[in-house]
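Structure, as structure tokens:
All of these numbers come straight from a predicted model, not from anything done at the bench. Each chain gets a letter, A, B and so on, in the order its sequence line appears, and its residues count up from 1. Atoms considered below: every heavy atom in the structure, side chains included; atoms not considered: hydrogens, waters and symmetry mates.
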Amino acid sequence: MSERRKQFPFLQFEPKWQRLWQERQTFHAPNPGEPGFDPTKPKFYVLDMFPYPSGEGLHVGHLEGYTATDIIARYKRMKGFNVLHPMGWDAFGLPAEQFAIKTGQHPSVATARNIERFKGQLKKIGFSYDWLREINTTDPGYYKWTQWIFLKLYNSWFDPEANAARPIAELLEKRNRDYPHESEEERLEFLNGQRLAYVAEAPVNWCPDLGTVLANEEVVDGKSEIGGFPVVRRPMRQWMLRITAYADRLLEELEGLDWQESIKALQRNWIGRSEGATVNFPVDGLEDLITVFTTRPDTLFGATYVVLAPEHPLVDRVTTKAQTPPVVAYRERIATKSDLERTDLAKEKTGVFTGGFAINPVNQERIPIWIADYVLMSYGTGAIMAVPGHDERDFQFAEKFGIYIRYVVEPPRSTEACFTGEGVAKNSRFLDGLPTPEAKRKMIDWLEKEGHGKRSITYKLRDWLFSRQRYWGEPFPIIWRDGKHQGLRESDLPVVPPPLDDYRPTGTIEPPLAKAREWITLSGGATRELNTMPQWAGSCWYFLRFASPHETNRFVNETAERYWMAGNESRKHRSGGVDLYVGGTEHAVLHLLYARFWHKLLYDLNYVSTIEPFQRLVNQGMILGQDNQKMSKSRGNVVTPDDIVEEYGADSLRLYEMFLGPLEATKPWSMSGVEGVYRFLARVWRLAMDEDQEGEWNLSPALASVDLNRKQLSIVHATIKKVSEDVESLSFNTAIAQMMIFVNEFTAAEIRPVEAVRTLLILLNPFAPHLSEELWWRLSFGFAGFEGMACEQRWPEWDDQFLAKDDLEIVIQVNGKLRDKITVRRDLENEELQRVALASVKVQEAARDKRVRKVIIVPNKLVNIVLE
RNA sequence: GCCGAUGUGGCGGAAUGGCAGACGCAACGGACUUAAAAUCCGUUGACCCGAAAGGGUCGUGCGGGUUCGAGUCCCGCCAUCGGCACCA
């Protein structure tokens, strides 16, 4: 098939234009103050989620989003915007390191090669990136600032009163004032407990095969997201980022963003805010209090037992001698289980009675304390009050172990064994008769008044486990002295990883950096932190770096940041950021949440001008293989862009990516669909070009500088309107359909007005830039009006006057059903229209023996005659 | 179980509450050709009546509703996909 003659010479002109764009720096966007910068133009920042340069190369799924943003970037330039459209590489990460271990080659070598490959592929598709702004997260000039931001996290605390991060120095001052006699040791401990980057001994997800810990988000079904290796929980000392401090802002500040509702929902879900109360249950015979969190304080009278998580610190204290053996045995059984096994057993509740009793503060009832693994130490307080009458899990547990069930909510209708909805309180003394929401409020007031508890909010979101025991990542700008950590000074950055020959995991929990003896040992007995940052770090702020990728004095140039991240004037104060951000749904939670978190820190500390990084977000859908299955090597249904470019040209690839269907939908690839758009482009080519006997392409003799007739004008203006509006709304598929209608129309014309072709080439330019440039250039030899490059032309405007027809077809309905069509003069008066419609033979037939009850008239569109 | 999408011809998909199926693919017929490919022109939701011209009925996952009029709005189901999942 590849031997077949091409329908137009894209193999020649596509590389030519790519070279010219490169040579002329056509798509370079100067910063404010730089030569060539035009301050009169508005700005537009359109960004792709930058890729991890894998060994596999790009596949057609990546390109869908990239094509969409490229069309927008080119369109906005033609509309007179200064457009920032950059690309870079998220190049730290596990796959490169795993590959390096396998091949014995340094990860930087494979990374550089993969980047070359990716870049080559992108250039062959003709994307209009400003390559002078290319960034790479593994470049010391870049990760210096990743480390710098980490130091900002390390040296900040979250002030709940300001609801914002503040420098830790301010806290230190305040502490010195409030506790002047505190020891140095105590003060340090206090500060360390407040930092947004802190060290904690916590149960973590340890993956022995990868030799690293993973964030909760990187563990799927008890296995590592990368590689699918088993993950076990074990306590380790780790760096954590206090993202939970920002939980409320991450939730609230989502509101002003132009994101799909579904993505906002995913984030809200992940943050998982629950309103309720904490309640203190005294332990019978001890001084201790068991604090539980509940969203249903109104059911406190129905609490007939208390459950602690097996790891709960109070378990040892409440357990009686007699119950110690089974409790110890149960805890051991749970501890050795992985999370996967623990959820596997979810169907059948397990647990053990501790022998201890708690006192229900509302009625002084003595209720048993159990431990069970259905209560998680990591959520809420790690303890619950069990209300089996109104909670499914508690009900199952109580049924199994024969614990008393008391019903305290009257359901609105039929009663089930366990009712979890809202109703009216009963068997609850001072709550009796109150609807659930009021009962909740009243109970919380009571708890607060009596000192037994208080209003409380809990989140599912956990602090972000931020260290990895790997080589190929950003080293922490942290040193250790006498068992205490210290942040480095800004002048010590970047911390460059040592040139290790052997960066394999050590086989223990010791990170590979431990092998670099000289590197880790510093003067004065200090040593370097051995962990590295997770892959997400570099992508948390790369969109800022693009504004001034070569700035050496600051993570981003201040003026450039203010310019490119500025909000639209119609928007509220402080909003703004990237004007359009496009990427896959797989990043809906992790990357987007992490990046928002870092951005808010930088905002709080006055380093950036907007509260949110990405004003508008669009998630492109997945592209499936021809067989409707997810594309994968093992299924053999992967489509490689290189093959398509070779066979049909980059423009065909771009156009097909967009013609498949709506950007956000999941849709299957189809090779004959590619042929379809290829044929369309060939028709565009032949609209202007003619092949002679020798097989040479010349300007078509049908082209002429003539005025357009009425119908042609109407099509041209309808196309300008449709394409402009559809590009704005990212409905690229229908924009292309309209251009196809245009081409079908003019292909049929014996004489083709050059002006129409000229307009088409401009409209088509963002979609098929090579073909558009080539024809533009060729036409310049025969006709006036083709100066410069097509991509530098002003986007055309449409005129409604050409869209309106003098005569139009009116639909005649009888009782809402289509019965006839009539052609009438435009803007015919309603009375006249009704008269004509009633006169229609079809209407006459239908209306025989019937009375006309009503006539609905939609001017210039339809008449509906309603009969008895 | 909860949250969020989606459901329209043989296929991908179009349709500010107003002609359902734009555009493309596939299929079929024709022109060009010695022939084929490519190209160009045309037909193509299903069913029914008619020799034909033409005409009719049904039709947007299912069941209701609102409306002169519903693919579109409302209520209740079903199915598929994605996310979360013992989160108190």
request  = Could you please spell out the steps behind the salt bridge (Lys or Arg N to Asp or Glu O under 4.0 Å) verdict for A/Lys667 and A/Glu657?
outcome  = CA-CA 10 Å; A/Lys667 49 221 174 269; A/Glu657 291 269 356; over 6 Å; no
key: Closest-nucleotide 5' rank along RNA chain B - winner of A/Gly272 and A/Phe659   =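 Upstream on the strand: A/Phe659.
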query = Closest nucleotide of RNA chain B for A/Val677 versus for A/Gly661: which of these residues is on the 5' side?
reply =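 The answer here is A/Gly661.
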query = Checking A/Lys349 against A/Phe397: charged group under 6.0 Å from the ring centre and within 45 degrees of the axis?
reply =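 That pair does not qualify as a cation-pi contact.
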Using the [atom1] atom in both, what is the distance from [N] to [M], to the nearest Å?
{"N": "B/G64", "M": "B/C58", "atom1": "P", "answer": "15 Å"}
{"N": "B/G59", "M": "B/G65", "atom1": "P", "answer": "15 Å"}
{"N": "B/G21", "M": "B/U8", "atom1": "C1'", "answer": "8 Å"}
{"N": "B/G24", "M": "B/U44", "atom1": "C1'", "answer": "14 Å"}
{"N": "B/C19", "M": "B/U72", "atom1": "P", "answer": "14 Å"}
{"N": "B/A70", "M": "B/G61", "atom1": "P", "answer": "15 Å"}
{"N": "B/A79", "M": "B/C25", "atom1": "P", "answer": "37 Å"}
{"N": "B/C74", "M": "B/G56", "atom1": "C1'", "answer": "33 Å"}

Taking atom [atom2] of [N] as reference, at what distance in whole Å does atom [atom1] of [X] sit?
{"X": "A/Glu750", "N": "B/C40", "atom1": "CD", "atom2": "P", "result": "16 Å"}
{"X": "A/Arg268", "N": "B/G83", "atom1": "CZ", "atom2": "C1'", "result": "14 Å"}
{"X": "A/Gln260", "N": "B/G82", "atom1": "CD", "atom2": "P", "result": "16 Å"}
{"X": "A/Lys721", "N": "B/U16", "atom1": "NZ", "atom2": "C1'", "result": "11 Å"}
{"X": "A/Glu392", "N": "B/C86", "atom1": "CD", "atom2": "P", "result": "15 Å"}
{"X": "A/Leu663", "N": "B/A14", "atom1": "CG", "atom2": "P", "result": "12 Å"}
{"X": "A/Lys861", "N": "B/C68", "atom1": "NZ", "atom2": "C1'", "result": "16 Å"}
{"X": "A/Tyr459", "N": "B/A85", "atom1": "OH", "atom2": "C1'", "result": "21 Å"}

Kindly point out which of [options] is positioned nearest to the side chain of [X]?
{"X": "A/Val811", "options": "B/C19, B/G24, B/A88", "result": "B/C19"}
{"X": "A/Pro662", "options": "B/C19, B/G13, B/C68", "result": "B/G13"}
{"X": "A/Val375", "options": "B/G83, B/C86, B/A88", "result": "B/A88"}
{"X": "A/Met740", "options": "B/C23, B/G18, B/G4", "result": "B/C23"}
{"X": "A/Asp391", "options": "B/G13, B/A88, B/G24", "result": "B/A88"}
{"X": "A/Leu266", "options": "B/A88, B/G83, B/G4", "result": "B/G83"}
{"X": "A/Ala265", "options": "B/C86, B/C3, B/G24", "result": "B/C3"}
{"X": "A/Lys842", "options": "B/G83, B/G4, B/G55", "result": "B/G55"}
{"X": "A/Leu862", "options": "B/C86, B/A14, B/G18", "result": "B/G18"}

Would you say a side-chain N or O of [X] is under 4.0 Å from OP1 or OP2 of [N]?
{"X": "A/Lys667", "N": "B/G12", "answer": "no"}
{"X": "A/Asn733", "N": "B/A22", "answer": "no"}
{"X": "A/Gln7", "N": "B/U39", "answer": "yes"}
{"X": "A/Arg819", "N": "B/C19", "answer": "no"}
{"X": "A/Arg679", "N": "B/C25", "answer": "yes"}
{"X": "A/Lys817", "N": "B/C58", "answer": "yes"}
{"X": "A/Thr734", "N": "B/C23", "answer": "no"}

Quick one: label [X] by what it contacts on the DNA or RNA (base, sugar-phosphate, nothing), any heavy atom closer than 4.0 Å.
{"X": "A/Ser274", "answer": "sugar-phosphate"}
{"X": "A/Arg686", "answer": "sugar-phosphate"}
{"X": "A/Ser670", "answer": "nothing"}

query = How close do A/Leu838 and A/Gln844 get, heavy atom to heavy atom, and via which atoms?
reply =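 A/Leu838 and A/Gln844 have their closest heavy atoms at O-NE2, 2.5 Å.
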Could you please name the partner base of [N], counting Watson-Crick and G-U wobble pairs only when both distances are under 3.5 Å?
{"N": "B/A52", "value": "none"}
{"N": "B/C19", "value": "none"}
{"N": "B/G42", "value": "B/C28"}
{"N": "B/G63", "value": "B/C75"}
{"N": "B/C84", "value": "B/G1"}

task = Determine whether A/Phe401 and A/Trp370 make a side-chain contact, defined as any pair of heavy atoms from C-beta on separated by less than 4.5 Å.
result =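 Yes. Closest side-chain heavy atoms under 4.5 Å.
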request  = Indicate yes or no: at least one non-hydrogen side-chain atom of A/Ile271 is less than 4.5 angstrom from one of A/Lys460.
outcome  =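 They are not in side-chain contact.
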task = Quick one: do A/Glu725 and A/Lys721 satisfy salt bridge (Lys or Arg N to Asp or Glu O under 4.0 Å)? Show the steps, please.
result = CA-CA 6 Å; A/Glu725 289 175 350; A/Lys721 180 177 157 81; 3.3 Å; yes
Within the modelled atom types, does a donor on one side and an acceptor on the other bring the side chain of [X] and the base of [N] under 3.5 Å apart?
{"X": "A/Lys460", "N": "B/C84", "answer": "no"}
{"X": "A/Gln813", "N": "B/G18", "answer": "yes"}
{"X": "A/Lys854", "N": "B/C68", "answer": "no"}

message = What I want to find out is whether A/Arg686 reaches A/Glu691 closely enough, with some N-O distance under 4.0 Å, to be called a salt bridge.
response =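 Looking at A/Glu691 together with A/Arg686, the answer is no, because their closest N to O distance does not fall below 4.0 Å.
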request  = Measure from the ring center of A/Phe8 to the ring center of A/Trp697 and say whether it is less than 6.0 Å.
outcome  =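 Judged by ring-centre distance (under 6.0 Å), A/Phe8 and A/Trp697 do not meet the cut-off.
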request  = For B/G9, measure the glycosidic angle (O4'-C1'-N9-C4 for a purine, O4'-C1'-N1-C2 for a pyrimidine) and name it syn if it falls within 90° of 0, otherwise anti.
outcome  =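 For B/G9, whose glycosidic angle is within 90° of 0, the conformation is syn.
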query = Can you list the residues that meet the side chain to side chain contact (heavy atoms under 4.5 Å, CB included) rule with A/His452, with sequence neighbours excluded?
reply =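 Once residues adjacent in sequence are excluded, the partners of A/His452 under the side chain to side chain contact (heavy atoms under 4.5 Å, CB included) criterion are A/Pro361, A/Trp446, A/Leu447, A/Glu450.
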